[in-house]
Amino acid sequence: MEVLDLARWQFGITTVYHFLMVPLTIGLSLLVAGMQTAWVRTGNRRYLAMTKFWGKLLLINFAMGVVTGIVQEFQFGMAWNEYSRFVGDVFGAPLAMEGLVAFFVESTFLGLWIFGWDRLPRRVHLACVWAFSLATIASAYFILAANSWMQHPVGVELVDGRPRLTSIWAVLGNSTVLAAFPHAIAGAFAVAGAFLVGIAAWHLHRASAEKDVWRASVRLGAWVGVAAFAALVVSGDQQSKLMFEQQPMKMASAEALCHTEKPAGFSVFAVGDVAAPDCERVKSITVPALLSFLANNDLDSEVRGVNDLVEEYQARYGERYPVDPRLGELSGQPIDYVPNLPVTYWGFRLMIGFGAVAAFVGVAVLWLVRRGRVPRTRWFPRLALAGIATPFLANSFGWIFTEMGRQPFVVAPNPSGVDGVWMFTARAVSGLSVGEVLTSLIALTLVYGVLAVVEVVLIRRYVRGGVATVLPDEPTERRDDDVLSFAY
């Protein structure tokens with residue numbers, strides 16, 4: 001294998017693994033803040049128990065997210081130093097904001113929240129968890145702003161072959177990040193909602209103590225998950241329209257659309273080799289004109305196909321890679337402008353499919369627990385627990401599609417932007433040996449595997465322990481004053 005292939009595998013494995021923690025931290029932190037707000041306002045012990053229990057799981061997940069996230073930025077200099085040199089002037093600002101502002105606020109107020117239960121006034125303590133939660137949102141925005149610049153470069157000028165930042169506000173106000181941010185936050189709430197539903201439904205089915213805690217958690221998680229899916233549909237529609245304008249090849253590869261169509265139908269499911277250039281070996285179930293509507297709010301819009309776009313890209317960005325030993329076997333070879341069509345086509349559908357399944361589980365659980373019911377069938381907790389995985393998978397497939405769909409570019413060209421501001425992935429990799437990259441790939445994968453076991457063991461332990469692991473045995477009926485004095 002080439003260094004480029006190994007470096008891409010390494011970054012893909014570590015990034016997808018890290019992103020399993022990110023949406024859960026974002027969504028769960030805001031839900032925990034809401035639980036604590038309800039407790040402070042009402043004094044109801046149920047909300048205190050919810051805050052303590054779900055807050056403990058949030059802390060475990062956040063700690064693992066920090067550990068695995070640190071590696072991401074180190075990889076820029078380790079395996080992708082040419083990329084770092086190219087984007088360094090642009091990425092410095094949003095990454096500094098994320099690290100020095102957002103993460104600093106997160107860690108500071110999270111520490112105050114952890115150790116301030118018996119030391120801070122309850123409203124000050126509540127403000128700490130809200131500050132932490134909102135900081136996770138800000139952190140996500142800065143990271144998405146950096147990623148969106150790679151999808152749609154803005155706010156720069158080309159100087160000596162490298163982009164130089166001219167407006168940080170253009171980067172932070174990029175139309176791509178304005179569409180990606182609500183989509184990512186909605187995905188985070190979908191993850192957190194399914195997490196609540198699965199664990200709380202399992203406890204409810206086991207007839208665990210604190211039934212009011214588990215019932216409230218189930219209903220909260222289910223409603224959040226259903227609302228999040230609706231938000232994902234709306235924000236995803238906005239992203240598809242930007243994709244049509246900014247990355248038409250990604251739009252075509254999402255459909256494995258070989259030839260330009262007007263109007264273009266949306267392929268629901270395909271049988272055959274979607275990578276075939278002539279499309280003759282593919283049989284597809286298609287909704288007529290739907291792709292045209294998704295692209296441009298018009299049932300008659302033209303959507304360009306892969307084959308026609310290849311000719312356009314060759315004319316604009318070149319037909320062959322430069323002759324350069326650093327490019328390895330790609331030196332002087334024709335540039336393949338077509339992303340991996342099976343990955344983009346099926347990744348796009350798996351993202352939508354798993355998201356829809358997560359919403360279905362939420363609706364089903366709301367129906368099953370209506371009016372105080374507790375289903376006793378064996379499949380109820382299994383359905384809820386299995387539902388935890390679905391939004392995680394939807395998020396992962398969505399990001400795989402987003403990143404692989406812009407290949408062969410690591411920085412995709414802006415069709416109406418500054419000429420020359422793009423970078424081929426093959427040019428971005430460091431000049432390392434195969435053995436060096438392979439060693440780091442194996443080492444990081446093993447370390448991440450160990451961390452996965454540690455997180456699963458810790459979460460399993462606290463989940464099985466229930467409320468008793470975070471609160472001492474207390475009668476459920478207490479006066480509000482007693483509850484407040486107990487906590488503080």
Side-chain angles (χ1 to χ4, degrees), residues 151-152 175-176 179-180 182-184 186-187 190 228-310 312-313 337-360 390-391 393-407 412 415:
Q151 311 285 342
H152 182 238
S175 59
T176 307
H183 197 66
F229 180 73
L232 285 166
V233 172
V234 174
S235 57
D237 177 66
Q238 180 61 30
Q239 281 194 301
S240 68
K241 290 170 173 53
L242 282 177
M243 191 194 313
F244 173 70
E245 298 173 5
Q246 298 172 356
Q247 296 188 50
M249 181 64 82
K250 185 185 291 185
M251 168 67 81
S253 66
E255 290 298 306
L257 184 67
C258 297
H259 308 293
T260 299
E261 293 184 6
K262 180 183 179 181
F266 179 85
S267 173
V268 178
F269 190 85
V271 178
D273 182 11
V274 295
D278 54 8
C279 294
E280 294 180 357
R281 286 175 281 172
V282 177
K283 302 298 181 183
S284 179
I285 301 173
T286 304
V287 179
L290 179 57
L291 183 60
S292 292
F293 180 80
L294 292 175
N296 202 33
N297 273 346
D298 183 350
L299 294 175
D300 197 44
S301 291
E302 178 182 271
V303 179
R304 287 173 290 173
V306 168
N307 294 342
D308 296 315
L309 285 167
V310 166
E312 178 183 324
Y313 278 44
Y337 286 104
V338 182
N340 188 311
L341 293 183
V343 170
T344 54
Y345 179 88
W346 291 113
F348 187 68
R349 275 141 194 82
L350 289 170
M351 173 189 68
I352 297 172
F354 280 118
V357 170
F360 169 78
T390 53
L393 291 170
N395 273 277
S396 295
F397 281 116
W399 274 110
I400 289 171
F401 163 72
T402 297
E403 300 308 304
M404 293 191 66
R406 72 167 183 270
Q407 298 302 320

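These values consider heavy atoms only, across backbone and side chains, with no hydrogens, waters or symmetry-generated copies. Counting begins at 1 with the first residue of the sequence.
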Beyond-backbone contact of [X] with [Y], side-chain heavy atoms, under 4.5 angstrom:
X    : Y    : value
Q238 : M243 : no
N296 : E302 : no
T286 : V268 : no
S175 : H152 : yes
C258 : N307 : yes
L350 : L393 : no
M249 : V310 : yes
S292 : V303 : yes

If I take atom [atom1] from residue [X] and atom [atom2] from residue [Y], how far apart are they, to the nearest 0.5 angstrom?
X    : Y    : atom1 : atom2 : value
S267 : L291 : OG    : CG    : 9.5 Å
Q247 : T402 : CD    : OG1   : 8.5 Å
M351 : L232 : CE    : CG    : 9.0 Å
T390 : F229 : OG1   : CZ    : 10.5 Å
F293 : K241 : CZ    : NZ    : 5.5 Å

Inset, instruction - Could you check D308 against E312 for side-chain contact (heavy atoms from CB on, under 4.5 Å), going step by step and ending with a plain yes or no? - result: CA-CA 7 Å; D308 296 315; E312 178 183 324; over 6 Å; no
What closest approach, in Å, do [X] and [Y] show between heavy atoms, and which atom pair accounts for it?
X    : Y    : result
A412 : Q151 : CB-O, 3.7 Å
G305 : A252 : C-CB, 4.2 Å
P391 : A358 : CD-CB, 3.8 Å
L294 : F266 : CD1-CD1, 3.9 Å

Legend entry - Under 3.5 Å: donor-acceptor pair, side chain of S253, backbone of L341: no
Legend entry - Any donor-acceptor pair under 3.5 Å from T344 side chain to F401 backbone: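 No; judged by distance alone, with no hydrogens or angles, the pair does not exist.
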Inset, instruction - Quick one: sort the Y313 and Y337 rings into parallel, tilted or perpendicular, breaks at 30° and 60°. - result: perpendicular
Inset, instruction - Kindly indicate, with the supporting measurements, whether the criterion salt bridge (Lys or Arg N to Asp or Glu O under 4.0 Å) is fulfilled by E255 and R349. - result: CA-CA 9 Å; E255 290 298 306; R349 275 141 194 82; 2.6 Å; yes
Inset, instruction - Indicate whether the side chain of Q239 and that of Q246 have a donor and an acceptor atom separated by less than 3.5 Å. - result: no
Legend entry - Basic-acidic side-chain contact under 4.0 Å: E261, R304: no
Inset, instruction - Please lay out, stage by stage, how Q407 and N340 fare under the test side-chain contact (heavy atoms from CB on, under 4.5 Å). - result: CA-CA 8 Å; Q407 298 302 320; N340 188 311; over 6 Å; no
Inset, instruction - Begin from the C-alpha positions of V343 and I400 and carry the test side-chain contact (heavy atoms from CB on, under 4.5 Å) through to its verdict. - result: CA-CA 8 Å; V343 170; I400 289 171; 3.8 Å; yes
